[in-house]
Colleague: 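Mind having a look at this structure? Questions to follow.
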Amino acid sequence: MVAQVIDGKELAQSVRAEWKLRVDRLVQSGVKPGLAVIIVGDNPASAIYVKNKVKACSDIGIYSEVHSFSKDAIQQDVLDCIRSLNGNPRIHGILVQLPLPLQFENNRIITSIAVEKDIDGFHLYNVGALVTGNTVFSPCTPFGVMVMLQRNHIPVEGRHAVVIGRSNIVGKPMALMLLERGATVTICTSKTHNLTQFTQNADILVVATGKPRMIGAGMVKPGAVVIDVGINRLADGTLCGDVDFEAVRTVAGYITPVPGGVGPMTITMLLCNTILAAERAHADGEIR
Ligand code: GUN
């Protein structure tokens, strides 16, 4: 078997074209969706992510602004910035790029974002909403994975999904979203004993460990759907995922490449959540 490759770049382009119409509709009714991005410190990867987010906003017609703080900034200054953005009607979504420098308390920062502007879905209220099936905003990376499954007509209900990774950004929300769609979910980590015993039983395998090519062909059930969330830079400068793409594609039914798989969908879902936040703010304004 040779797996069908799920092209995240192409899918991202087509859904962005669809959602551009939602932006246009909002703009016609006098609301330009707005995103504020806060970046603290000089992490080069974060700087690239933020640049890409700003460009994606501009391409689809979303207003964006970036608030940059130095790596030794005071937490209170960032909190003050968030408070001001919470009250700014031009801004519908607020994103604090992670990771933050060590002196920052992540939860203090994230829970200071107004719940209805937390387009990452990381606020503890929004995490609770996700856990209880009352989702306000779905975290962007797992949301992107769900859209990839849906748009490729891959059934989730009743299937065994194995998620490797337990981060708050990917692994945990991914597991909850699959569970919500009716999958039987197993959560593993890169340290799980006899990992292969779990992965070989996965109909849907989502890998988010940050360990280059840790999933080989022998770990995958023939015909399985393999979603690679990892993006790793090797010593020779090339990028690879957490899955050995060339080996696993000979066994899997579907597979996502790296780059060009899940990555482009993450930013796409950020745009989606920002549009959603603007639509909700607009609807609330009309009701009042
Ligand atoms: N850092 C890595 N991924 C993310 C993400 O999805 N959102 C934010 N805010 N920071 C990140």
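Just so it is clear, the values below take in all heavy atoms, side chains as well, and ignore hydrogens, waters and symmetry mates. Counting starts at 1 for both ligands and their atoms, following the listed order. Residue numbers run from 1 in the order of the sequence given. Remember, it's a predicted structure, so these values are computed and weren't measured experimentally.
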Colleague: How far is atom 4 (C) of ligand 1 from its nearest protein heavy atom, and which residue and atom name does that atom have?
Modeller: I169 CD1, 4.1 Å
Colleague: Where the side chain of D203 meets the backbone of H160, is there a donor-acceptor pair that is under 3.5 Å apart?
Modeller: yes
Colleague: Indicate yes or no for a side-chain donor-acceptor contact from N273 to the backbone of D120 under 3.5 Å, with no hydrogens or angles considered.
Modeller: no
Colleague: Any heavy atom of T141 sitting closer than 4.0 Å to ligand 1?
Modeller: no
Colleague: Here's a test for you: under side-chain contact (heavy atoms from CB on, under 4.5 Å), which of T186, V206, L195, T189 qualifies with I164?
Modeller: L195
Colleague: Pick out which of N152, L149, V226, D228 makes a side-chain contact (heavy atoms from CB on, under 4.5 Å) with I6.
Modeller: N152
Colleague: Give a yes/no verdict on whether any heavy atom in Y49 is under 4.0 Å from an atom of ligand 1.
Modeller: no
Colleague: Of the protein's non-hydrogen atoms, which lies at the shortest distance from atom 11 (C) of ligand 1, and what is that distance?
Modeller: Q97 NE2, 3.5 Å
Colleague: Atom 10 (N) of ligand 1: which protein heavy atom is closest, and how many Å away?
Modeller: L98 N, 3.0 Å
Colleague: Return the residue, atom name and 0.1 Å-rounded distance of the protein heavy atom closest to atom 7 (N) of ligand 1.
Modeller: D120 OD1, 3.1 Å
Colleague: Between Q97 and V66, does the side chain to side chain contact (heavy atoms under 4.5 Å, CB included) criterion hold? Intermediate values first, please.
Modeller: CA-CA 10 Å; Q97 187 63 35; V66 178; over 6 Å; no
Colleague: For ligand 1, indicate whether the residue V96 contacts it via side chain, backbone, both or neither (heavy-atom separation under 4.0 Å).
Modeller: backbone
Colleague: Under 4.0 Å, heavy-atom basis, I'd like to know which part of L95 is in contact with ligand 1: side chain, backbone, both or neither.
Modeller: side chain
Colleague: Is a side-chain donor or acceptor of D118 paired with a backbone partner of H123 at a separation under 3.5 angstrom?
Modeller: yes
